[in-house]
2 protein chains.
Amino acid sequence: MSMKQATRPGGRSLRVQQAVHAAVRALIEEIGRDALTVPQIAQRAGVTPSTIYRRWGDLMTLVSDVAQRNLRTECPIEPTGHVASDLAAWADIYQEEMDSTPGREMMRDVLRGWDGTRAACGLLDAVRSTVEAILTTADPPVSLSADSVIDAIFAPILMRLVFADAPLPQGLGREAAFRVVATAQASA
Amino acid sequence: MSMKQATRPGGRSLRVQQAVHAAVRALIEEIGRDALTVPQIAQRAGVTPSTIYRRWGDLMTLVSDVAQRNLRTECPIEPTGHVASDLAAWADIYQEEMDSTPGREMMRDVLRGWDGTRAACGLLDAVRSTVEAILTTADPPVSLSADSVIDAIFAPILMRLVFADAPLPQGLGREAAFRVVATAQASA
DNA sequence: TCCTTAATGCAAATATATTGCTTTTGCGCG
DNA sequence: CGCGCAAAAGCAATATATTTGCATTAAGGA
């Protein structure tokens, strides 16, 4: 869930926002999420608690907001044109990253701020653009939509991350990647 | 996330737990989740706030605990032996139920209580037992594991529910059901 | 029935969240 | 460039929520 953006994106408002975000990150490092309180963040950031309450509403929303900025958005691999191994390599990286302690903590923090209606975060958009980059580089081309790739590879990872007991099976994403590409090529 | 079960499952402890859960449900109806407070729940349930804090820890955990009891656990359909249409019918029902306002609210409340490590709720276990019921009734038998069915049909539904903007595409689960069964039969 | 102890009640102490009002300060406009 | 408006932040009083120590109640076993 993304918070209402401040109407003033520069100057003091920006400095406050950065100081608060930095304070949240620092305090999570030092004392952990569970001990985190708004007054403490305010003190560390050099602002008054009411500023935080007025801008973010509550601790949950603030922490969720910070966690979303930790989402990877850049494409992590260089497409080689070989779709199956590109997707498999990326799926492996992605699965390991998400199934790690920091990955799971980030996911937890993001989901705490989910409002139940809109997308919880921009994760799928970032994934989709990387998938599209891999698919358009494909040589020879494959007839696969980004959505079907996401459903086949990333949906099981994300679903199990949240709804199954940890850790994820080794190679879950990798094998799904080979499978979805093989199926597409077989039906071509 | 399931809470630590009271060591005394009967008598007064049980009555308190039921009264508190009932109070949460009633107050959510009357004033909505966002206005909910622990002292208010305590008053309605006829207990003191400290009882709630000691048993549940905080409001988020309590609401999550209540939401988990709304999870459907009974098998919603009668398997006919025709796997594809059984799975498709169920997927349709499931998708519509989850993508509804109460379904999304339940999911949101459950996820707020997720600790990031164990399964957020027993949802997948319930799903798996229904899938297994359908698969074992299959006539003729199909070579499909419950996990692959869940990955193909339910993972996309659950992933999109949380990480994509609402609503889900019509027939998402239904089509996935036909597809996964067709693929299994083709490779047999 | 009695004993043990988990669970609750109660109330004081502490911490957190809200709010009205004031002050600061971005930012548009002449 | 500096004026003025309004958004954002500060401050402090208030309201509300959470924690905690100790007393009391009542499950559940012997």
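Below, all heavy atoms of this structure are taken into account, side chains as well, without hydrogens, waters or symmetry copies. Below, chain A is the first sequence line, B the second, and so on; all start at residue 1. Keep in mind that what you see is a predicted model, and the values were worked out from it rather than measured.
- Annotation: salt bridge (charged side-chain N to carboxylate O under 4.0 Å, His left out) contacts involving residues 74-85 of chain A, sequence neighbours excluded, comprise A:R72-A:E74.
- Side-chain proximity of B:R12 to D:dT25, D:dA17, D:dA8: nearest is D:dT25.
- In this view, A:D58 and A:T61 satisfy the side chain to side chain donor-acceptor pair (under 3.5 Å) rule, not counting sequence neighbours.
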Within the sub-3.5 Å range, which N or O atoms of nucleotides 19-23 of chain D have a protein N or O partner, and how far apart are they?
unit_1 : atom_1 : unit_2 : atom_2 : d
D:dG21 : O6     : B:R54  : NH2    : 2.8

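- Look at CD on A:Q43: it is 13 Å from P on D:dG10, rounded to the nearest Å.
- Annotation for B:E97: atom CD counts as buried by contact number, over 12 foreign heavy atoms lying within 6.0 Å.
- Taking 4.0 angstrom as the limit, A:T48 places a side-chain polar atom (N or O) nearer than this to OP1 or OP2 of D:dG10.
- Contact check of residues 24-37 of chain B against DNA chain D (heavy atom, cut-off under 4.0 Å) returns B:T37.
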Throw together a table of side-chain donor-acceptor distances under 3.5 angstrom for residues 120-134 of chain B, partners on residues two or more places apart or in other chains.
unit_1 : atom_1 : unit_2 : atom_2 : d
B:R128 : NE     : B:D147 : OD1    : 3.4
B:R128 : NH2    : B:D147 : OD1    : 2.8
B:S129 : OG     : B:A126 : O      : 3.1
B:T130 : OG1    : B:A126 : O      : 3.4

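- Applying the salt bridge (charged side-chain N to carboxylate O under 4.0 Å, His left out) definition to pairs two or more places apart or across chains, none involves residues 17-26 of chain A.
- For the salt bridge (charged side-chain N to carboxylate O under 4.0 Å, His left out) condition, the pairs that include at least one residue of residues 28-42 of chain B, sequence neighbours left out, are B:E30-B:R44, B:R33-B:E105, B:R33-B:D109.
- Proximity of B:R15 to the phosphate of D:dA27: a side-chain N or O atom is located under 4.0 Å from OP1 or OP2.
- Take A:R160 and apply the side chain to side chain donor-acceptor pair (under 3.5 Å) test, not counting sequence neighbours, and it matches B:D151.
- Judged as a salt bridge (charged side-chain N to carboxylate O under 4.0 Å, His left out), the pairs with a partner in residues 170-183 of chain B (not counting sequence neighbours) are, in order, B:D92-B:R174.
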